[in-house]
Structures are given as C-alpha cells and as structure tokens.
Amino acid sequence: MSHGNGHAEAGEHRHSPAMYIVGYVLSLVLTAVAFWLALTHAMAIGPLMWVLMILAGLQIIVQLYFFMHVTEGDGPPFHSVALVLGLIFTFAIALMSIWIMSFHSMVA
Amino acid sequence: MGRGWLTRWKGVSLMAAAALLLATGCGPEYIVLNPKGPVGREELHLIELSTVLVLIVIIPVLALLAFIVVRYRDKPGNKARYMPNWSESKVLEVVWWGIPILIIGILSVYTAKTTFALTRPPEADVKPLTIQVVSLNWKWLFLYPDQKVATVNYAEIPTGVPVQFELTADAPMNSFWVPQLGGQEYTMPGMAMRLWLQADEPGRYYGHGANFTGEGFAHDNFWVVAKSQSDFDRWVKQVRSTAPALTKAGYAKLKQPSVIGTAEYSSFPPGLFDDTVWINGGRYMPGMMADVTGRASAGSHAGGSEMNGTDMSGMDMNGKG
Amino acid sequence: MAVAEHAAHAPAGAAHAHGAGPADGRPLEYRDPHQSVKILGFWLFLATDMLLFACLFATYLVLRTHTDGGPTARELFDIPGFTAETFILLTSSFTGGLATLCMRNGNKKWLMAWLAVTMLLGLSFVGLEAKEFAADVAEGANMQRSAFLSAFFTLVGTHGSHVSVGIVWMFLTLLQVARRGITEITARKVFIVNLYWHFLDVVWVFIFTVVYLSGVVM
Amino acid sequence: MPAGFQHFADTYLMWNEGPLIWMSDALIVLTSLGIVGALTYFKRWKWLWREWLTTVDHKKIGIMYLIAALLMLFRGGVDAELMRTQLALPGVHFLDAEHYDQIFTTHGTIMILFMAMPFIFALFNIVVPLQIGARDVAFPYLNAISFWLFFFGAMLFNISFVFGGSPDAGWTSYPPLTELGFDKGPGENFYLLGLQISGIGSIATGINFLATILKMRAPGMTLMRMPLFTWSVLAACVVIIFAFPALTIALALLMLDRIVGTHFFTMLHGGNPMMFINLFWIWGHPEVYIVILPAFGVFSEVVATFARKRIFGYSSMVAALMAISIISYFVWAHHFFTMGAGADVNTFFAVATMAVGIPTGVKVFNWLFTLFRGRIRMQLPMLWTLAFVPCFAIGGATGVMLAVAPADYQYHNSYFLIAHFHQVLIGGVVFGMLAGMYYWWPKMFGFKLDERLGRWAFWFFNIGFYVCFMPQYALGFMGMQRRMYTYPADTGWGTLNFVSTIGAYLMGIGFLFIVLQVLYSIKYGERDLTGDPWDGRTLEWSLPSPVPHYNFAVIPTVTDRDMWWVLKQEGRTEELRPKPEEIQPIHMPKNSGRPFLMGFAFFVAGLGFVFNWHVLAALGLLGVVACMIARSFEYDDEYQIPVEEIEYTEAALGRL
Ligand code: HEA
Ligand code: HEA
Ligand code: CUA
Ligand SMILES: [Cu+2]
C-alpha cells in the first residue's frame with residue numbers, strides 16, 4: 001500500500017471540519033469581544049483586565065481542544081500534565097515577579 | 001574499619017559541638033553573635049531559635065545513623081535482626097512527615113513575626129535620626145539631611161536613638177551591613193530602601209559592603225561610631241565648623257571608582273540623595289519618592305512621574321521586610 | 001500502556017510494519033511509536049517554550065512603565081495594525097488546523113494547499129509586524145530608546161521570529177509531503193508543525209491582551 | 001614583532017597578565033599537542049571520529065559526560081585551591097583582586113554548570129535506559145546534540161581564561177556590574193554565550209529523558225515499579241524543562257544589553273537591574289535541586305543494594321521527589337531577602353523555602369530505615385552515601401536557618417552562606433555523583449575501581465571537607481563577606497581561614513587519590529565478569545558489563561519492583577537471558593557527525609558574538625541552520641542488527 005492515499009478509513013476521524021469551524025468561530029468571537037471591551041472602555045480598568053485575561057484563557061482552551069487535539073495521544077495524557085504545570089509556573093513567574101518587583105510593603 | 005567509623009562519628013559530633021559552642025558563647029570577634037543594638041539582638045534570638053529547632057531533628061538523625069551503621073554492619077556473626085523485605089510502616093511515615101511539619105510550622109510563625117517587626121523602628125517613642133547612605137565604587141557616602149553634614153566611610157550616631165538609614169547606590173548594587181547593629185540591606189541604584197538600626201552602647205562598629213562590586217570590593221569597609229547624644233551633637237558642630245563643603249563637582253569626583261580613606265563635609269548639595277535615586281530610575285518606583293522625600297526635591301519631579309494615575313496609596317517603601 | 005510504548009524498540013517487524021492495522025482507530029501520526037514519542041517530546045518542548053515566553057512577559061510587565069520620557073504604549077500602538085495581525089494569525093491557525101484535517105483524511109492535495117495558505121497568512125503577519133516595527137523605529141522608538149521599548153521589541157520580536165521559523169519549517173514539511181506523500185513520518189511532521197503554529201497563536205493572544213490592548217487602555 | 005600581531009597578542013592572549021596565564025597557556029598548548037600527537041601516533045583519529053565524536057549511543061555519550069565532568073572538577077578544584085591559597089593568611093598578594101575575581105567566578109560557574117550538570121547527565125545517560133529496559137533514549141540524535149552543545153559551551157567558557165579574559169562578576173553575574181558601563185571586557189560575553197549554548201543542550205536533555213522515561217519503559221514497568229534513580233531523573237527533568245528557560249531569557253536579555261544596546265538592566269534609560277536578579281534565581285534556585293535530585297536517586301539505589309533490603313517507604317520517596325521539584329519553583333526570592341521587596345514577599349518565600357525541608361527530611365528518614373534491619377556492606381558507594389547523610393543533614397539545616405528571612409539579613413553574602421552551599425553541593429551532589437560513579441563504573445567499563453585507594457580518597461576528601469568548611473560558618477559569624485580577595489589582619493579571620501585552607505588541600509589530595517585510583521584500576525582493577533558485582537537489584541545488573549550496544553537482546557517483561565533481586569531470590573534469573581527463538585533483528589539509530597558539527601557551529605557563532613565579529617557569528621549561525629535543515633530531510637537514520645550478529649555477541653558473552 002502506498003502511504004500517499006491510504007488511511008482514509010472512516011472510523012478514525014474524531015475531528016470533522018465542523019470542529020474546526022466551531023473552534024475558529026469561537027476564537028473570532030472571543031477576540032472580537034476582547035477588542036470591543038477594551039476599545040470602547042466599557043468597564044473600569046481593574047475589572048477589564050480580569051475579563052481580558054479570562055477571555056485569553058478561554059482562547060487557550062479553544063486552541064488546545066479544537067485545533068491542537070490535546071485530548072488525543074497514546075497512553076496517559078502526560079502532555080496535558082506538562083501543560084498544566086507549565087501554565088501554573090507561567091502565571092507564578094509573571095504574577096510573583098510583579099509582586100516582588102513592585103517593592104511595596106504591607107506595613108506602614 | 002569498624003573502629004574507623006566510630007571515631008569518625010565522634011569526630012563529627014565533636015565538630016558539631018564545637019560549632020554549637022561557637023554559636024553560643026564565643027569571643028568578641030564573633031560580631032554577629034555580639035549585637036550591640038535591638039535589631040541585631042532580635043535577629044540573634046531568631047538565629048538561636050532556629051539553631052535549636054533544627055538541632056532537635058538533626059541530632060537524632062546523626063545519632064540514629066551512628067547507631068544503625070554500627071549495629072547493622074554486614075559482618076560475620078552479627079545477630080541484629082535482618083528483615084530484607086520490611087519496607088512499609090504507616091506509623092513511622094506519619095512521624096517523619098509530622099515532626100518536620102511541626103518544626104517548620106513553629107519556625108515559620110516566628111519568622112513571619114520578626115520579618116514584619118523589623119520594618120518598624122526599634123523604639124517608638126524616641127525621635128529617630130535619618131542618615132542617607134549612597135554606596136559608591138568603592139566607598140560609602142553618608143548624608144545627614146537634618147544635620148546637613150556628610151561623611152565618607154564612617155558614620156557617627158547617637159546611642160539609644162533609632163536610626164533610619166535610607167539606602168541607595170550610585171554604582172553597581174552593594175549591600176549595607178553593620179553586623180553588630182543588625183542585618184544588611186541592598187543599596188540599589190534607583191531605589192531608596194530603609195533600614196532601621198540602633199546602637200545601645202558607644203563603640204566603633206565594623207561595617208562593610210556585602211555585595212560584590214568589582215575590583216575594589218575587598219576594601220569597601222566603613223565604621224559606624226556610636227556615642228552619647230551630647231558627644232554626637234558636639235561632633236556635628238565640629239564638622240560643620242571645620243570641614244569643607246561637598247559640592248556637585250566634589251560629588252562627581254567622589255563617584256569615580258577609587259578606594260579612599262574617610263572624609264567629612266560641612267554641607268552637601270540639597271536633594272543630592274533624591275536626585276541620585278531619581279536619575280538612576282527612582283521615578284519608576286511607585287510610592288518611593290513620596291515616602292523618601294517629602295523633604296527635598298520631590299515636588300520638582302512629581303509632574304514627570306510615569307506612575308501618574310496608578311494607585312500609589314499604601315505602597316510604602318519599607319526597607320526591611 | 002507501557003506495553004504499547006515498548007513496541008518502539010521491540011524487534012523490527014511489529015513496530016515497522018507501517019500502519020499497524022487501519023482499524024486500530026488511531027490517527028496515522030500516532031501509529032508508529034517512533035513517531036508518537038516525538039509528538040510527546042514536542043509537547044514538552046512547547047511547555048518549555050511557554051516558560052520562555054513567561055519570562056519575557058514578566059520582564060515586559062515589570063518594565064512596561066519604564067519609558068524614560070520616550071514614547072509610551074498608548075502613543076505607540078497602532079490599533080488597526082495589531083487588529084489586522086490578530087485576525088490574520090487566528091485565521092492562519094484555523095487553516096493550519098484544516099491542513100491537519102485533510103492529512104487525516106488522506107487528502108494530500110488539500111493538505112498542501114492549506115499548508116500553503118497558512119504560510120502565506122503567516123508571511124503577511126510577519127510582514128505587517130515588520131512594517132509596524134519599521135514605523136516605530138522611524139519615529140525614534142527603537143529598542144535602545146528605553147527599557148519599555150527594549151522589552152516590547154524583544155517580547156513581540158521573539159514571537160515574530162518564532163513565526164518566521166514556523167514558516168520556514170512549514171515550507172520544509174510541505175516539500176517533504178510533496179515528495180513522499182502522507183506517511184507516518186510526514187504525518188507526524190505536519191501534526192507537529194501545526195502544534196507549533198497553534199501554540200504561537202495562543203502566545204499571540206496573550207501578546208495582544210497583555211501588551212496591545214492593555215497598552216492602549218492604560 | 002609586527003604591530004598587528006602585537007595588538008592581537010595583547011588583546012586576546014593577554015601576555016602582560018603574568019605567570020598564571022603563561023602557565024595555563026603553556027599547559028594548554030602542551031596538552032593539545034600531546035593529544036594530537038598521541039592520536040596520530042596510535043592512528044586513532046578515525047577511531048575517535050567513528051566511535052566517539054559521531055556516536056549516538058547513550059552509554060558512550062554518558063562516558064563522555066563523565067570524563068568532561070571529572071576534568072571540570074579538576075579545573076574548578078584548582079581554582080578553589082588557588083582561592084584558598086590566597087585567603088590562607090591576611091594581606092596575601094599571591095593573586096591580585098582582578099585574578100581572584102575571575103577565579104571565584106569561573107570556579108562557581110564551572111562547578112555548577114560544567115561539573116555538576118554533566119555529572120548528572122553522565123548518570124542519566126548511562127543508567128536510565130538500562131534501568132527501564134530500553135535500547136536507547138527517546139531521541140538519540142538529539143541526545144548527541146545535547147552533549148556537543150554542552151561540550152562546546154564549556155569550551156567557549158574555558159578558553160576565556162587564555163583568550164580574551166575571564167568573566168569576573170561572580171557566577172551570578174549581576175548587572176549593572178556586568179553591563180558595558182562597568183565591564184568592557186569580553187569575559188562577560190564568554191560567560192553569557194558559554195552558558196547559553198550549554199543551557200540549550202540541557203533543556204534538550206530534560207525533554208529527552210522525560211520522554212524516555214514516560215514512553216520507553218519495558219512492558220510491565222509501570223511508573224510505580226520504576227527504580228528510584230529513574231524517578232529522581234524524572235523529577236530533575238521536570239525542573240529542568242521549566243526552569244532553564246528562565247536562564248535562557250536572563251542571559252539573552254543581558255546579552256542584548258551588552259551587544260545591541262538595549263536597556264533591560266542598565267542603570268539609565270529605565271532599566272531595572274533587579275529584574276535580572278529575579279530571572280536569574282527563577283532558574284538558579286531550581287538549578288540546585290536539579291543537581292541534587294539525581295544524587296538523591298543514587299543514594300536510594302545504593303542504600304537498598306548495600307543494605308540488601310528493599311527501599312523503605314517507596315511511595316513516600318516518590319511523593320517527596322515530586323514535592324521537592326514542584327516546591328523548588330516557589331522559593332527563588334530567598335536569594336534576595338535583603339533586597340527589601342516587602343515583609344509579605346519575604347515571609348511567603350521564607351515559609352515556602354523551609355517547606356522543602358519536609359520532603360527532604362522524609363527522604364533522609366527513609367534512607368535510614370532502609371539501612372535499619374539491613375545488612376550494610378561498607379563498599380565505596382556505600383561509604384560515600386553514609387558520609388552524605390550527616391553532611392547533607394547539617395548543610396540542609398543551615399539552609400533552613402538561612403531561610404529564616406530576618407536571620408538571613410545577617411548571613412547573606414557571608415561565609416556562613418558559602419559554608420552552607422558547599423555542604424549541600426559537595427556533601428550532596430559531589431558525594432552523590434561519586435557514589436554513583438563507583439556504583440555504575442563496572443557497568444560502564446567492566447572493572448571495579450580499587451577499593452583501597454578509594455578509601456584513601458574517601459577519608460582525605462571527607463576529613464578535608466569538614467576542616468575546610470566548618471570554620472567558614474564561624475567566619476560568617478565574624479562578619480567575613482564572600483568574594484573578598486584579601487582581608488586585613490585586625491579582623492581576626494586569619495586563623496580560621498588558615499585552617500580552612502588546610503582542609504582544601506586535604507580535599508585536593510583526596511581528589512588526587514581518585515585520579516590515582518582510576519589509573520591504577522584500569523590496569524589492575526578487579527574485572528567484573530558476572531555483570532552483577534554488587535549483588536544489585538535492578539535491571540541493569542542483569543546485563544553483562546560492559547553492556548552490548550543494543551542493551552537488551554530481548555526486551556524484558558517486568559513483573560516487580562527490584563525485579564532482578566526478586567528473580568535472584570527465587571532462582572529465576574534465567575528468565576532474563578535471551579532465548580534464541582525470541583531474538584529478532586534490532587533497529588538502532590545510525591551514527592551521525594552532524595551533532596558534533598552543529599556544536600562546533602554554535603561555538604563559532606558564540607565566539608563571533610563574544611568579540612562582536614559579526615561575520616563569524618553569522619557564519620556560525622548559518623552552520624547551525626544548515627545542520628537543522630539537513631536533518632529535516634534525513635529519513636534513513638536507522639540500521640538493523642541482524643539476528644546472527646546478536647546471537648554471536650550474546651554467545652560470546654556466555655549468555656546463550
Ligand atoms: C545542591 C545544592 C543546594 C541544596 C540542596 C540547597 C538546599 C537548601 N538551601 Fe541552599 N543554596 C545553594 C545550594 C543548595 N541549597 C547555593 C549554591 C546557594 C548560594 C548561591 C549563591 O548565592 O552563590 C544557596 C543559598 C541558599 C539561600 C540564600 C541565602 C542567601 O543568599 O542569603 C537559602 C535561604 O533560604 C538557602 C536555603 C536552602 C534550604 C532551606 C535548602 C533545603 O532544601 C534543605 C533541606 C534539607 C534539610 C533540612 C536536611 C534534611 C532534613 C532533615 C534531616 C529533617 C527535617 C529537618 C528540619 C525540619 C529542619 N540556600
Ligand atoms: C558543585 C559546586 C562546587 C564545588 C564542588 C566546590 C568546591 C570547592 N569550593 Fe567552591 N564555590 C561554588 C561551588 C562549588 N565549590 C560556588 C557556586 C561558589 C560561588 C562563586 C561565586 O561567588 O560566584 C563557590 C565559592 C567558593 C569560595 C568562596 C570564594 C569567595 O567568595 O571569595 C571558596 C572559598 O573557600 C570555595 C572553596 C571551595 C573548595 C576548597 C572546594 C573543594 O571541594 C575543591 C576540592 C578540590 C578538587 C576537587 C580538585 C583538586 C585539585 C588538585 C588535585 C590539584 C592539586 C593542587 C593543589 C592542592 C594546590 N568555593
Ligand atoms: Cu525601591 Cu521603591
Ligand atoms: Cu536557593
């Protein structure tokens with residue numbers, strides 16, 4: 001069997017075009033909402049930052065699930081564990097660096 | 001070998017005992033262990049407490065190891081029990097997860113308490129003295145904003161008065177350390193940090209830059225001289241009347257890398273400290289200038305701060321802590 | 001589990017008979033353990049790359065306000081520009097995904113087409129970014145101007161160079177697909193280069209959130 | 001002399017720097033000539049290329065790491081002896097400030113990055129595939145690249161001493177001292193690029209071994225049946241892949257400052273030097289656990305083997321490893337408690353730091369109880385392990401004392417700190433790596449290292465250690481700062497420094513005994529004919545020593561933890577012998593010269609950046625890219641070992 005055209009058996013497609021389209025639309029919508037919120041100054045700056053970060057977080061999930069097939073793979077989902085740890089450390093680095101480098105003290 | 005091991009453990013415990021001795025009794029050259037002020041004393045208490053707490057675990061560990069090694073040696077005729085498959089015990093596991101947790105817990109509480117306590121002046125009802133410290137390559141410039149005098153490589157302070165050292169650098173980062181008065185704090189370009197120290201007895205206390213700054217680093221020491229309030233006042237008067245003034249040009253020259261002796265000045269350019277902090281990046285530190293200055297040239301910079309608009313309330317720059 | 005993995009180094013026959021049976025339901029790129037372990041390896045690489053960006057983000061966040069009297073974020077950022085970049089990259093992530101889909105359907109022609117589209121979108125993204133950078137520099141906002149600009153150019157530029165690498169890499173993959181068709185090896189390569197691409201899309205989402213959007217609202 | 005040459009010699013060969021440099025120059029030239037001569041004389045060039053420089057065999061790569069680590073231990077050790085000589089008495093002028101600064105910088109950097117790292121990688125490579133029943137690592141080609149990146153990174157760093165000048169701002173390299181304004185010389189560039197190149201290699205190693213352990217285990221070897229050394233490698237790799245990117249960034253940004261003129265960490269134009277310190281320790285703290293975790297793994301293997309007992313509390317050990325590797329990520333600010341980031345920051349990081357003591361303590365107790373009710377054989381690996389326990393316990397305890405933030409205001413940057421970290425680095429990492437080296441040496445080379453000479457080395461090194469470093473705690477309490485090239489007599493530090501120096505010499509003698517021991521044993525060491533010289537417990541001891549290059553003729557099916565021990569107990573060792581009917585052709589990765597060339601290309605690029613020779617830098621980078629593209633088009637990278645050859649090899653080893 002030549003490799004070029006084989007493996008088109010029906011059963012193995014857990015991802016139909018529909019998945020990709022849904023993912024794309026979701027990512028567009030999330031982005032549009034973020035832009036709209038930010039550029040119209042719809043909220044106060046504090047809550048706005050939170051909302052923007054949550055929207056970005058949702059984008060991660062969209063990319064991972066719809067495009068990157070995180071749920072696939074053979075064997076236990078070691079890669080997901082690595083990603084989760086990586087995300088925790090990412091936020092730890094960013095937030096704690098800000099905390100440390102702001103040099104403010106809790107006591108008067 | 002059997003005997004070798006025994007003597008070896010003896011050796012180790014002897015050394016541990018010696019270390020302990022050093023850490024408790026000890027001559028005047030152990031300056032960290034002979035503090036002359038409340039801050040150093042408080043830190044010494046913590047040093048002692050933590051030593052005792054860790055020894056509570058470490059000594060049994062060493063003893064247990066010695067015991068096991070002697071008893072379970074693989075030598076002919078050893079009658080000690082041998083259980084090659086014994087490898088689990090819930091009770092023991094609980095013990096050695098539990099005890100360290102307990103000890104670390106206790107230590108954490110004291111650590112937290114002291115960490116916060118040291119950000120406050122050691123004495124609340126005495127009016128503190130402020131000294132501004134600029135670390136240069138490789139010398140220490142002390143500015144007395146209220147007395148208007150300045151010194152190089154030594155600082156005089158009155159006993160029994162909390163001293164607020166405001167620290168910055170106009171050179172690579174250094175660290176301001178007077179072991180007998182208390183722990184150190186970095187002097188950083190563009191930052192104004194605060195360190196509270198206080199001397200209870202008159203004396204001449206060794207101080208040294210503790211963070212590497214290049215070639216002249218080994219000669220980067222200074223002295224803090226504590227004397228009674230009246231002697232201190234007399235010293236100030238004397239410096240004011242006899243010493244030359246520190247000019248802008250003089251400062252620029254001082255800033256050049258060099259190793260020099262001591263010097264004193266009857267005055268210094270007003271706002272020298274704040275300008276130094278400001279130029280080296282202080283303007284990016286929310287709250288910093290508001291806290292440290294208020295005295296000198298803060299006003300003139302206020303408009304330029306990039307931090308306008310962000311919340312600065314409560315962002316107090318506290319040295320220690 | 002370990003049994004299956006072990007096939008990686010089991011004696012030839014099993015591991016190297018390509019397509020361990022069409023009915024096993026696993027996508028092509030996972031069938032040969034030699035290839036699927038590379039996918040895991042690549043995920044791990046992405047985790048470290050994520051931390052790389054984390055450090056750049058942390059640096060940017062700390063230095064964001066350190067403008068030294070030079071241009072600030074709000075003055076500098078060009079809203080239509082980065083909006084366009086964002087939508088181009090999002091779309092390219094989608095088309096990259098379609099390439100994977102076609103690969104799994106065994107459709108070599110469309111696989112190649114979608115890869116090409118993705119590359120072109122990537123190119124236009126890089127082009128826009130280069131234009132943006134050039135415009136900034138022309139206004140005197142270069143990376144030597146202030147700490148803020150150093151951090152900005154480094155963060156965004158690192159992403160941009162990742163994208164550029166991705167384009168070259170995708171091109172190499174495309175050539176191999178053209179020459180060899182969809183095999184376990186090329187399938188794995190296509191899958192991985194797309195993982196990379198989607199990952200860069202995620203990073204960009206954070207760049208436009210943390211750098212651009214926050215920059216213009218603050 | 002022509003002016004051009006004069007200039008070259010002054011700038012790059014540093015001729016006016018004095019005898020130290022001349023001696024090193026001469027030594028290097030002589031050694032290189034010697035090596036080239038020997039290779040030519042014995043006609044070994046081809047052998048060197050075919051068997052070593054192009055190898056992708058994890059066992060050979062491991063051996064190369066080991067040799068590099070021992071050489072670097074020597075280089076770093078000589079640095080240490082020089083420093084101790086300088087500090088023996090007050091006011092000595094054996095070294096001037098400039099040279100002393102260079103020496104402690106190279107000492108620290110080399111010991112951590114070019115000694116400890118390759119040492120752990122040596123053991124990763126030699127042991128992990130054998131312990132999990134695999135034929136090689138997941139990515140053998142990448143493994144070779146990692147090695148050559150490490151090698152050429154280390155080369156780049158090391159040539160600085162004789163070519164252009166060494167870095168001299170400490171292994172921590174804090175700006176703004178390391179910014180152009182204060183440090184013109186190429187030394188700092190050597191530091192940045194040498195570390196950067198080898199650091200990329202380390203990240204690749206981390207990924208490689210993580211994938212290997214997760215995916216290449218023999219059938220039946222579940223995670224909870226893995227030997228603890230493999231677990232410790234897993235834990236270390238987790239830390240590597242998440243921590244090293246921070247080093248990459250810290251170095252890259254500082255390099256941009258120096259080469260491109262950006263302002264990340266400068267004093268002016270809004271730079272923030274503290275951010276470098278922050279980034280450096282985001283890597284730097286986890287780094288010390290990266291090097292200690294594999295040592296913990298070694299101790300776990302050694303303790304069980306030499307006490308002839310199952311490891312105590314296996315699941316607890318695993319949990320502790322993972323806990324250490326995760327917590328180690330949240331403690332970095334304890335290296336700058338005195339920066340004044342705030343009482344809240346200090347308290348958080350102090351408590352997190354102390355918390356690491358809890359899982360570490362659990363490990364200590366589990367080792368002790370593995371020995372308890374065992375039968376302890378005092379052979380070299382066990383000796384080093386037993387010496388480790390008190391040394392590390394005390395060093396760890398002083399670590400906990402350092403973690404008490406307000407107390408640290410008094411210890412920071414003093415010799416108390418120096419004593420702490422040597423006690424954990426030497427008592428933990430060096431003892432651990434030596435124990436591992438003695439333990440697996442027969443597996444690598446087929447003979448044991450001489451026991452008697454080993455004991456001399458052991459006692460000299462150990463006694464020397466305490467004599468050298470215990471006084472340094474006291475010196476810390478006397479207020480002696482680190483990184484001082486000399487001190488005045490009136491400080492009263494003279495006596496203890498003198499004692500410390502004697503200790504350092506004793507350690508030097510100990511090291512010489514190790515060298516002697518290796519040389520002696522090559523000729524006279526006891527040959528290992530069984531493949532199981534220590535009566536071991538794990539899979540690697542079921543193989544002959546040295547191991548055939550395909551490792552397992554037939555991949556074993558694992559049924560137990562400590563499977564080899566269990567089989568021996570039940571008299572079923574035959575089960576792990578290959579049976580003729582089970583032998584099938586084996587696929588192995590082909591050798592490749594490209595990893596070596598790629599490392600070399602990196603070296604060239606690095607050199608170009610160090611001296612701002614842009615053409616050279618571009619050429620080097622081009623070489624790197626060319627190697628990568630060539631690899632992308634490489635499909636035929638495996639070959640097959642036919643059944644007959646395997647049968648022949650196994651029969652020759654008496655296993656068929
Ligand atoms: C292998 C290397 C290694 C290891 C394992 C450690 C382990 C630890 N280190 Fe160390 N450390 C370094 C290498 C290492 N360190 C280096 C190189 C530096 C200086 C870098 C520089 O500035 O150049 C440093 C600096 C350093 C500092 C900074 C000090 C300063 O700059 O002022 C601190 C502060 O908290 C610290 C703490 C600790 C702690 C709490 C541990 C803990 O992990 C120790 C845990 C172990 C034990 C506690 C012993 C075993 C436990 C028991 C027997 C039972 C339970 C015990 C108790 C409950 C107390 N270390
Ligand atoms: C794994 C890491 C490691 C190891 C193994 C060592 C090993 C040793 N270290 Fe090191 N050290 C560091 C890591 C390490 N160090 C780090 C990170 C720093 C901080 C650097 C900085 O500040 O930036 C440091 C700093 C440091 C200092 C402080 C310098 C200063 O601040 O001014 C000192 C001083 O005594 C010292 C001494 C020693 C000694 C005596 C040894 C001995 O164990 C060495 C034993 C000797 C050998 C193994 C080789 C033997 C040599 C020969 C056989 C040749 C024979 C020659 C003679 C006897 C003259 N080290
Ligand atoms: Cu430093 Cu505010
Ligand atoms: Cu640390």
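So that the names make sense, note that chain A is the first sequence line, chain B the second, and so on, each numbered from 1.
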Any chance you could measure [X], atom [atom1], to [Y], atom [atom2], to the nearest 0.5 Å?
X: C:T154; Y: D:L256; atom1: OG1; atom2: CG; value: 5.5 Å
X: D:H269; Y: C:L149; atom1: NE2; atom2: CG; value: 12.0 Å
X: C:T158; Y: D:I249; atom1: OG1; atom2: CD1; value: 6.0 Å
X: D:L210; Y: C:W43; atom1: CG; atom2: CH2; value: 15.0 Å
X: D:I282; Y: C:L51; atom1: CD1; atom2: CG; value: 9.5 Å
X: C:M143; Y: D:F264; atom1: CE; atom2: CZ; value: 5.5 Å

Heavy atoms of other groups near D:K579 NZ, more than 12 under 6.0 Å: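 Counting other residues, nucleotides and ligands, NZ of D:K579 exceeds 12 neighbours.
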Over 12 non-hydrogen atoms of neighbours within 6.0 angstrom of OH in D:Y639: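 Atom OH in D:Y639 is packed in, count exceeds 12.
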Side chain to side chain, D:I203 and C:F45, heavy atoms closer than 4.5 Å: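 A side-chain contact is absent here, since even the closest heavy-atom pair is not under 4.5 Å.
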Flag side-chain contact, heavy atom, 4.5 Å: D:L253 against C:L56: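 Yes, side chains in contact.
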Donor-acceptor under 3.5 Å (C:K189 side chain, D:S632 main chain):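 Present.
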Flag, side chain of D:H263 to backbone of C:R145, donor-acceptor distance under 3.5 Å: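 No; judged by distance alone, with no hydrogens or angles, the pair does not exist.
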Max heavy-atom pair count under 4.5 Å with chain C, selected residue of D:F552, D:Y635, D:F265: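 The candidate making the most pairs under 4.5 Å is D:Y635.
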Part of [X] lying under 4.5 Å from any heavy atom of chain D:
X: C:A54; answer: neither
X: C:L63; answer: side chain
X: C:V62; answer: side chain

Might you point out which heavy atoms bring [X] and [Y] nearest each other, and give the distance in Å?
X: C:C55; Y: D:A246; value: SG-CA, 3.5 Å
X: D:A211; Y: C:L44; value: N-CD1, 4.0 Å
X: C:A147; Y: D:G271; value: CB-N, 3.7 Å
X: D:F139; Y: C:G41; value: CZ-CA, 3.9 Å
X: C:L40; Y: D:K215; value: CD2-CG, 3.5 Å

Test log, rule side chain to side chain contact (heavy atoms under 4.5 Å, CB included), inputs C:L172 and D:F633: CA-CA 8 Å; C:L172 296 177; D:F633 285 98; 3.6 Å; yes
Proximity breakdown for D:V260 and chain C, heavy-atom pairs closer than 4.5 Å: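 Its backbone and side chain both get close to chain C.
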Interface moiety of D:L279 toward chain C, non-hydrogen atoms closer than 4.5 Å: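 Looking at D:L279, just its side chain touches chain C.
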Residue pair C:H34, D:E638: steps toward the side chain to side chain contact (heavy atoms under 4.5 Å, CB included) verdict: CA-CA 11 Å; C:H34 267 79; D:E638 288 194 342; 2.8 Å; yes
